[in-house]
Peer 1: 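Below you'll find the structure I mean.
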Amino acid sequence: RLKDLEQQAAVLREDLEVQHARVLIDPLTGVLNRAGYNETVVKLFARWKRYGGALSLAVIDLDLFKDINDRYGHVAGDKVLATVGAKLKEMIRQADVLCRYGGEEFVLLLPETSVADGLVLLEKLRHHIEQCAFRHKDTPVRVTMSGGIAEFRPSDNVETVFERADQAMY
């Protein structure tokens, strides 16, 4: 009986982990959603506070995304978001964390990355997205992005770093 209960508990624990992961993933882009961002940034921040090193946060926004939705429809906009998420994900390191923060805004958490190195990455990402051949039916759709980055400093909290990265984007 005890062995059966242990097996049931193991199955339930595994199911709970799967369900928890599903709650943190944005179904459209396949990257972490806002809840996933919140959970991950707290863990990375605590790790950074304890061990030091570099930790940067980048905010990425798709330029004039409302125009894409207005001109081509929300299905096309969703396809652009899904494609951008996939393209960004394939260009970052496994240790980096990409999140869809909301709407057309993404956040990139960059462990062991200075702001200078992060700027180099952001420029590569910006150039890559700009060069992608987005199309709606037979019409080319120009998609560009803007980004800003900030590195965590000893006096920071998660919100102040996000605000600096967001301001840098503008």
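Note that the numbering runs from 1 along the sequence shown for the chain.
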Peer 1: Restricting to non-hydrogen atoms, name the atom on Ile129 and the atom on Phe134 that form the minimum distance, rounded to 0.1 Å.
Peer 2: O-CE1, 3.7 Å

Peer 1: Check side-chain contact (heavy atoms from CB on, under 4.5 Å) between His136 and all other residues, then give those that pass, not counting sequence neighbours.
Peer 2: Tyr72, Ala76, Val141

Peer 1: Asp4 and Arg1: side-chain contact (heavy atoms from CB on, under 4.5 Å), yes or no, with the steps?
Peer 2: CA-CA 5 Å; Asp4 286 343; Arg1 174 109 171 104; 5.6 Å; no

Peer 1: Working to the nearest 0.5 angstrom, can you tell me the gap between Asn69 CG and Leu64 CG?
Peer 2: 12.0 Å

Peer 1: Out of curiosity, Asp70 CG to Phe65 CZ, how far, rounded to the nearest 0.5 Å?
Peer 2: 10.0 Å

Peer 1: In terms of hydrophobic clustering (I, L, V, M, F, W, Y; side-chain heavy atoms under 4.5 Å; direct or indirect links), are Tyr101 and Phe45 co-clustered?
Peer 2: yes

Peer 1: With sequence neighbours left out, write down each residue that passes side-chain contact (heavy atoms from CB on, under 4.5 Å) with Ala35, or none if nothing qualifies.
Peer 2: Leu24, Asn33

Peer 1: Are side-chain heavy atoms of Val143 and Cys132 found at a separation under 4.5 Å?
Peer 2: no

Peer 1: Thr40: what forms a side chain to side chain donor-acceptor pair (under 3.5 Å) with it, not counting sequence neighbours?
Peer 2: none

Peer 1: With a 4.5 Å limit on heavy-atom distance, are the side chains of Lys124 and His127 in contact?
Peer 2: no

Peer 1: Suppose we screen for side-chain contact (heavy atoms from CB on, under 4.5 Å). Which residues come up paired with Asp63, at least two apart in sequence or across chains?
Peer 2: Thr144, Ser146

Peer 1: Is the closest side-chain heavy-atom distance between Glu104 and Ile68 below 4.5 Å?
Peer 2: no

Peer 1: Is there a path from Val97 to Met91 through hydrophobic residues (I, L, V, M, F, W, Y) whose side chains come within less than 4.5 Å of each other?
Peer 2: no

Peer 1: The criterion is side-chain contact (heavy atoms from CB on, under 4.5 Å); which residues satisfy it with Arg71, sequence neighbours excluded?
Peer 2: none

Peer 1: What is the minimum heavy-atom distance between Leu81 and Thr29, and which atoms define it?
Peer 2: O-CG2, 3.6 Å

Peer 1: Do Val161 and Arg164 come close enough that some side-chain heavy atom pair is under 4.5 Å?
Peer 2: yes

Peer 1: Looking at every heavy atom in both Ile92 and Asp96, which two are closest together, and how far apart are they?
Peer 2: CB-OD2, 3.8 Å

Peer 1: Answer whether the closest heavy-atom distance between the side chains of Asp61 and Tyr170 falls below 4.5 Å.
Peer 2: no

Peer 1: Going through the distances and angles, do Arg126 and Glu123 end up as a salt bridge (Lys or Arg N to Asp or Glu O under 4.0 Å)?
Peer 2: CA-CA 5 Å; Arg126 188 202 63 73; Glu123 180 55 26; 2.7 Å; yes

Peer 1: How long is the gap from NZ on Lys89 to CG on Leu125, to the nearest 0.5 Å?
Peer 2: 12.5 Å

Peer 1: What I'd like to find out is whether the side chain of Phe106 reaches to under 4.5 Å of the side chain of Asp26, using heavy atoms alone.
Peer 2: no

Peer 1: Which pairs of donor and acceptor atoms, one on a side chain in residues 48-60, lie under 3.5 Å apart (sequence neighbours left out)?
Peer 2:
residue: Trp48; atom: NE1; partner: Gly53; partner atom: O; Å: 3.1
residue: Lys49; atom: NZ; partner: Pro154; partner atom: O; Å: 3.1
residue: Ser56; atom: OG; partner: Thr113; partner atom: O; Å: 2.7

Peer 1: Surrounding CZ of Arg142 (heavy atoms of other residues, nucleotides or ligands, distance under 6.0 Å), is the total greater than 12?
Peer 2: no

Peer 1: Do Thr160 and Arg153 come within less than 4.5 Å of each other through their side chains, counting heavy atoms only?
Peer 2: no

Peer 1: Checking Arg100 side chain against Gly103 main chain: does a donor-acceptor pair fall under 3.5 Å?
Peer 2: yes

Peer 1: Of all the heavy-atom pairs spanning Leu110 and Arg93, show the shortest one and how long it is.
Peer 2: C-NH2, 4.2 Å

Peer 1: Look at the side-chain heavy atoms of Ile, Leu, Val, Met, Phe, Trp and Tyr, link any pair under 4.5 Å apart, and say whether Val31 and Leu109 land in one connected group.
Peer 2: no

Peer 1: Met145, Leu32: one ILVMFWY side-chain cluster at the under-4.5 Å cut-off?
Peer 2: no

Peer 1: Are Phe152 and Met169 linked, directly or through other ILVMFWY residues, by side chains that come within less than 4.5 angstrom of each other?
Peer 2: yes

Peer 1: If I compare all heavy atoms of Ala150 with all of Ala165, which pair ends up nearest, and what's the gap?
Peer 2: CB-N, 3.7 Å

